[in-house]
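First comes the structure, then the notes that go with it.
Side chains included, hydrogens not; waters and symmetry mates left out as well; all remaining heavy atoms used.
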Amino acid sequence: MSTSPAAVPTTPSLHTGESYQEKAWRKFREQPLVPIGTLVTCGALIMATVKMRRGDSQSLNNWLRVRVIAQGATIAAVCAGTYVMGSTPGENRQLDEIQTHREARAGRDRKEFEDRLKAAERQWKETEGVVSGRDLNTNIAKGDSSSKALPSVQDQIPQSAPSRSGASWWWFKWPWGGSSAS
């Protein structure tokens with residue numbers, strides 16, 4: 001096991017381009033009561049488990065009550081934080097920056113796609129001109145009769161053996177001795 005920084009996943013988030021660790025710290029700074037409440041809830045649950053194993057039922061009930069109170073406080077912190085963060089202008093500015101970043105990336109992607117499409121259309125027109133014989137006619141019109149004729153499409157199709165009336169099943173033998181080429 002390594003405790004080096006490379007062991008921490010730093011894959012960028014799809015929405016903001018920040019790593020998971022950066023996002024966790026940002027969220028902790030925005031709403032510090034939520035992770036603290038979560039830790040208190042987990043601690044109370046662990047203590048209740050320890051007391052249950054020891055058989056101390058009075059202390060177990062007290063720790064379960066602490067867990068319920070901590071869990072309720074955590075949920076209240078989440079709701080309050082959501083309400084407060086929804087009304088602050090700083091969050092809207094960050095969302096606007098994210099939207100601007102997405103639009104810029106979409107614009108670059110659209111431009112790259114259009115460039116590739118234009119190059120493909122140009123290549124297709126050149127290929128179509130060669131296949132249709134326009135280049136051959138252009139050479140003949142210029143007086144160049146020494147140009148080689150283009151091979152026809154029929155010359156490039158391999159000739160297959162004559163087929164039987166069973167298509168590709170004429171070679172198949174049935175397990176009971178019959179044949180498919182009957």
Tabulate below the donor-acceptor pairs under 3.5 Å that side-chain atoms of residues 32-39 make, not counting sequence neighbours, or state none.
residue: T38; atom: OG1; partner: V34; partner atom: O; Å: 2.8

Residues 48-58 side chain polar contacts: donor-acceptor under 3.5 Å, at least two apart:
residue: T49; atom: OG1; partner: L45; partner atom: O; Å: 2.9

For residues 65-72, which side-chain donor-acceptor pairs fall under 3.5 Å, sequence neighbours excluded?
residue: R65; atom: NH1; partner: N62; partner atom: OD1; Å: 3.3
residue: R67; atom: NH1; partner: Q71; partner atom: OE1; Å: 2.6

Name the atoms and distances for all side-chain donor-acceptor pairs under 3.5 Å in residues 109-124, with sequence neighbours left out.
residue: K111; atom: NZ; partner: D115; partner atom: OD1; Å: 3.2

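In this structure, K23 NZ and E30 CD are separated by 10.0 Å, a value rounded to the nearest 0.5 Å. The CZ atom of R26 sits 10.5 Å away from the OG atom of S19 when rounded to the nearest 0.5 Å.
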